[in-house]
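First comes the structure, then the notes that go with it.
Keep in mind the model is a prediction, meaning the values are calculated, not measured. FYI, the numbering just counts along the sequence from 1.
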Amino acid sequence: MEEWIISAIWMKGLHEIFQTALAEKLIERRIQLDHLKNTGREVIIAILPMTAVIFVLQFTVIWLPAEMFLQFLIGVVMVGLGLFLFLIGVDIGMIPVGEMIGSALSRLGKAGLVILFSVILGIASTVAEPDVIVLASQVDMVTGGAIPKSVLIFTVALGVGIFVGLAILRILLNIPITYLLIGGYSLILILSFFTPTEFVPVALDSGGVTTGPMTVPFIMALGLGVASVLSGKSASSDGFGLVALASVGPVIAVLLLGVMYS
């Protein structure tokens with residue numbers, strides 16, 4: 001009789017554990033599905049306005065050939081699917097890894113290594129940034145190779161990397177971001193007087209393309225990871241601002257490239 005009671009209690013316990021695990025799994029699956037739905041909605045909202053504008057222009061003003069308009073529609077579908085997969089990859093991979101790397105580097109207790117790896121990661125993420133590649137390709141084509149694609153990409157990436165390192169140094173030394181921004185934009189203003197005029201717009205555009213979907217999530221996550229570990233630091237106030245500083249770096253770097261070309 002006692003063995004039967006023990007077996008019943010044991011089976012009941014297993015049943016409760018199974019039900020709890022199943023409920024947690026269902027909740028986790030529901031959260032994942034909701035996240036996928038929200039991401040899909042964001043992608044649609046992102047591409048719908050431009051698609052609608054092209055539709056209106058197509059049947060009122062431009063009247064593109066049917067073949068070209070069909071290519072546009074196929075491109076819209078491909079962009080939507082690609083952006084959806086990219087955003088999912090950013091959420092499940094790049095952002096968590098960026099935060100973990102920032103936290104792990106901070107725990108080393110060596111400021112030099114933290115800054116060095118931050119510079120390297122800033123360069124690596126920028127080289128892979130699609131917007132930077134597009135800009136470099138356009139500049140290379142328009143200038144007839146006078147500003148090579150590879151040179152511009154490396155210059156922009158180096159500028160981002162250096163200023164990501166400065167941003168991490170700002171967190172370590174608790175330097176107000178205002179000082180760095182004032183100094184950076186003052187240097188941009190000064191360099192613009194000594195740089196060939198054709199380099200100035202390219203330099204300013206270089207600062208914009210670095211705030212793309214590849215660089216921003218990783219750099220922000222890296223800064224938040226570093227700020228969250230350091231004692232006495234607030235991740236909400238010190239972890240942000242890296243993107244602002246990172247967008248200053250490539251402008252200065254391309255302006256300096258122009259000075260060297262002149």
Side-chain angles (χ1 to χ4, degrees), residues 94 98 101-102 105 111-140 142-143 145-173 175-223 226 239-262:
M94 291 180 60
I101 291 176
L105 289 176
L113 284 178
V114 175
I115 295 172
L116 175 62
F117 280 106
S118 297
V119 171
I120 294 173
L121 291 171
I123 293 174
S125 62
T126 306
V127 169
E129 176 61 57
D131 293 348
V132 174
I133 297 174
V134 170
L135 175 67
S137 300
Q138 293 294 318
V139 171
D140 189 14
V142 171
T143 61
I147 307 176
K149 175 181 176 181
S150 57
V151 172
L152 185 58
I153 291 177
F154 177 76
T155 302
V156 172
L158 185 62
V160 172
I162 292 174
F163 269 74
V164 168
L166 287 176
I168 298 299
L169 181 64
R170 178 190 76 84
I171 297 175
L172 295 174
L173 300 180
I175 301 173
I177 190 173
T178 310
Y179 296 166
L180 295 178
L181 289 176
I182 291 175
Y185 283 108
S186 298
L187 183 57
I188 289 173
L189 181 62
I190 295 171
L191 287 174
S192 64
F193 291 104
F194 300 94
T195 304
T197 54
E198 60 269 19
F199 274 87
V200 176
V202 174
L204 295 175
D205 285 344
S206 298
V209 297
T210 54
T211 57
M214 191 75 179
T215 308
V216 171
F218 192 82
I219 290 178
M220 287 184 64
L222 179 68
V226 172
F240 294 104
L242 269 76
V243 177
L245 289 173
S247 64
V248 174
V251 179
I252 295 175
V254 175
L255 289 175
L256 289 174
L257 179 67
V259 172
M260 290 187 292
Y261 265 72
S262 63

For this session: Begin from the C-alpha positions of F163 and L180 and carry the test side-chain contact (heavy atoms from CB on, under 4.5 Å) through to its verdict.
Result: CA-CA 10 Å; F163 269 74; L180 295 178; over 6 Å; no
Problem set entry | Audit row: E129, V160, side-chain contact (heavy atoms from CB on, under 4.5 Å) steps and yes/no | CA-CA 11 Å; E129 176 61 57; V160 172; over 6 Å; no
Exercise. V254 and V156: side-chain contact (heavy atoms from CB on, under 4.5 Å), yes or no, with the steps?
Worked result: CA-CA 7 Å; V254 175; V156 172; 4.0 Å; yes
For this session: Before giving the answer on side-chain contact (heavy atoms from CB on, under 4.5 Å), spell out for I123 and L158 the whole-Å C-alpha distance, their side-chain angles and the decisive distance to 0.1 Å.
Result: CA-CA 6 Å; I123 293 174; L158 185 62; 4.0 Å; yes
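Note that the CE atom of M260 and the OG1 atom of T195 stand 10.0 Å from one another [nearest 0.5 Å]. Remark: L181 CG to S247 OG distance equals 8.0 Å, nearest 0.5 Å. Within the model, atoms CD1 of I182 and CG of L187 stand 13.5 Å from one another, a figure rounded to the nearest 0.5 Å.
Put simply, the residue from I190, I252, V248 that forms a side-chain contact (heavy atoms from CB on, under 4.5 Å) with Y185 is V248.
Heavy atoms from other residues, nucleotides or ligands lying under 6.0 Å from OH of Y261 number more than 12.
Counting only heavy atoms from C-beta outward, the side chains of V209 and V134 never approach each other to under 4.5 Å. For the pair K149/V139, no side-chain contact is recorded, criterion being any heavy-atom separation below 4.5 Å from C-beta on. Side-chain contact between D140 and I147 is absent, with no heavy-atom pair separated by less than 4.5 Å. Side-chain contact between L135 and D131 is absent, with no heavy-atom pair separated by less than 4.5 Å.
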